[in-house]
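To keep things clear, I will list the structure first and then write my remarks on it.
Residue numbers begin at 1 in each chain, while the letters A, B, ... track the order of the sequences. Just so it is clear, the values below take in all heavy atoms, side chains as well, and ignore hydrogens, waters and symmetry mates.
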Amino acid sequence: MPEGPELHLGSLYVNKMCAGVVFTGPVRKSEVSKSPDVPFTCEAYRITASSRGKEVKLRLTPMKSDDSKQRSKAGQADQTMDVVFRFGMSGYFRFTSEDELPKHSHLCFYSKETPCRVLSFVDTRRFGSWQANGTWQPDRGPCIMFEYESFRKNVVTHLSDRAFDRPICEVLLNQKYFNGIGNYLRAEILFRLNIPPFVPARSVLEGLESEDLCENEKPLKTEIKDEKTSDRVKTVKEETGDLLRLCHTVPLEVVNQGGKELWFNGDPGPMAPKDLKSPKAKKRAKKTEDHDYTDKKKGAKGGSKSTPKKKVVKQETKTAKKEIEKSEEMVSPQKKKRPAARGRKTSSAEPAAGPEKRSGRVTRQSSK
DNA sequence: CGTCCACGTCTAC
DNA sequence: TAGACCTGGACGG
């Protein structure tokens with residue numbers, strides 16, 4: 001599930017799982033995939049991965065063979081090939097035995113073992129894609145996580161671009177400048193800084209330095225108490241740093257959490273799940289498991305393992321696209337599990353029914 | 001059963 | 001700036 005952090009965790013997963021593994025033969029594509037063939041085949045090759053923003057690159061490296069005859073065999077690669085992936089809404093990598101191939105595996109790399117194992121690109125919805133002999137997409141900007149300085153510079157030096165005429169919540173999704181930011185991250189970042197989503201991007205960004213002056217400062221935390229909300233005092237923890245810095249640090253935070261989504265610190269609140277007894281909790285846990293890139297032991301009860309890390313619950317500060325684009329309510333601090341689903345784009349289609357989904361969240365009615 | 005929703009691009013009007 | 005592209009989970013009747 002793919003914003004920048006997940007893509008990067010995907011690359012870590014590949015490197016970890018495929019370290020020392022020798023692959024062989026052709027790269028195979030599913031029947032149904034519309035992405036291009038990957039014309040690579042090799043008796044023995046290795047796979048490594050790297051990421052940049054919302055892309056992952058797999059490098060297929062043929063192993064040296066002193067048998068020159070083998071080399072001359074038809075269709076044998078002797079050069080490395082890069083395959084660049086975008087994950088769409090549902091892409092991820094898995095390394096499994098052949099008979100455990102996940103449903104919706106669309107590109108498969110086979111290990112030279114018996115029984116063999118398979119690195120596969122899994123993508124339920126098929127919005128993802130890849131390019132053989134690929135390069136990082138030229139229109140995408142520097143990685144928010146791993147090319148921080150050039151990312152900053154790229155934004156700061158292009159503020160006259162018409163792209164920045166738009167509201168900040170939209171601009172944060174522009175991969176030309178914010179390669180790696182997605183819907184959840186933009187919401188989280190704007191929320192942490194308390195920036196109204198529809199202020200013009202340029203007005204938020206102008207005045208920021210292309211060098212991050214905070215770079216060496218400790219990210220001290222300040223507490224802002226809002227007395228206005230009478231019934232519940234909302235406490236906002238805010239890290240030091242400007243918007244561009246948070247576009248860097250928040251995704252890294254997610255990476256460091258092992259991709260277990262966005263978490264909160266401190267008191268989880270009285271309704272925090274305590275075990276996996278409830279069917280709901282089980283489902284949730286399973287779902288999370290499906291998409292985390294950390295090592296899982298088969299059969300190990302995921303939830304019962306007590307991590308020394310602070311255990312947390314998904315915060316889902318997220319504000320659905322339509323939501324954020326309609327009104328300014330991301331201010332509601334603690335969203336629940338499911339994002340409060342808002343009405344349709346053109347309300348005309350909407351019956352009079354309340355737009356809230358059952359996890360009924362604060363979403364105040366749009367002032368529209 | 002049906003409707004709505006989902007961490008993202010793409011390209012056609 | 002809407003759709004289009006997809007599958008499947010959650011929920012409602």
- Whole Å only: how far is the OH atom of A:Tyr177 from the P atom of B:dT9? 16 Å
- How many Å lie between OH on A:Tyr184 and P on B:dC7, as a whole number? 5 Å
- Determine whether the aromatic ring centres of A:Phe121 and A:Phe87 lie less than 6.0 Å apart. yes
- Message: Give me the distance, rounded to whole Å, that separates B:dC13 from C:dC5 when you measure between the P atoms they each carry.
- Response: 12 Å
- Task: Looking at every strand, decide which applies to A:Glu55 at a 4.0 Å heavy-atom threshold: base, sugar-phosphate, or nothing.
- Result: nothing
- Note on the structure: Between CG of A:Asn183 and P of B:dC7 the distance, given in whole Å, is 5 Å
- Output yes when at least one side-chain N/O atom of A:Arg86 is less than 4.0 Å from OP1 or OP2 of B:dG8, else no. no
- If you measure from the ring centre of A:Phe87 to the centre of the six-membered ring in the base of B:dG8, is it under 5.5 Å, with the planes under 30° apart? no
- Between C:dG13 and B:dC5, how far is it from one P atom to the other, in whole Å? 15 Å
- Query: So which nucleotide from B:dC10, C:dT7, B:dT9 ends up closest to the side chain of A:Ser129?
  - Reply: B:dC10
- Message: Taking only side-chain N and O atoms of A:Arg126, does any of them lie within less than 4.0 angstrom of OP1 or OP2 on B:dG8?
- Response: no
- Message: In whole Å, I'd like the distance from the CZ atom of A:Arg125 to the C1' atom of B:dT9.
- Response: 12 Å
- Message: Measure CD/A:Gln131 against P/B:dT9 and give the value in whole Å, please.
- Response: 16 Å
- Message: Can you measure A:Phe191 atom CZ to B:dC7 atom P for me and round it to whole angstrom units?
- Response: 18 Å
- Item | Stacking of A:Phe127 on B:dT9 base (centres under 5.5 Å, planes under 30°) | no
- Message: A side-chain contact here means heavy atoms from C-beta on lying under 4.5 Å apart; do A:Arg52 and A:Lys57 qualify?
- Response: no
- Message: Give me the atom names and distance for the closest heavy-atom approach of A:Thr124 to A:Ser90.
- Response: N-OG, 3.4 Å
- In whole Å, what is the span from the CD1 atom of A:Ile189 to the P atom of B:dC7? 15 Å
- Query: Atom CG of A:Asp123 and atom P of B:dA6: how far apart are they, to the nearest Å?
  - Reply: 18 Å
- Can you find a side chain N or O atom of A:Arg166 that sits less than 4.0 Å from OP1 or OP2 on C:dT1? yes
- Query: Is there a side-chain contact between A:Gln175 and A:Gln137, using heavy atoms and a 4.5 Å cut-off?
  - Reply: no
- Note on the structure: Taking a pair to mean Watson-Crick or G-U wobble geometry with both distances below 3.5 Å, B:dC7 pairs with none
- Message: Would you say A:Lys103 places a side-chain N or O within less than 4.0 Å of OP1 or OP2 belonging to C:dG8?
- Response: yes
- Message: Less than 4.0 angstrom between a side-chain N/O of A:Gln175 and OP1 or OP2 of B:dC10, yes or no?
- Response: no
- Query: Rounded to the nearest 0.5 Å, what separation is found between the OH atom of A:Tyr110 and the CD atom of A:Glu98?
  - Reply: 5.5 Å
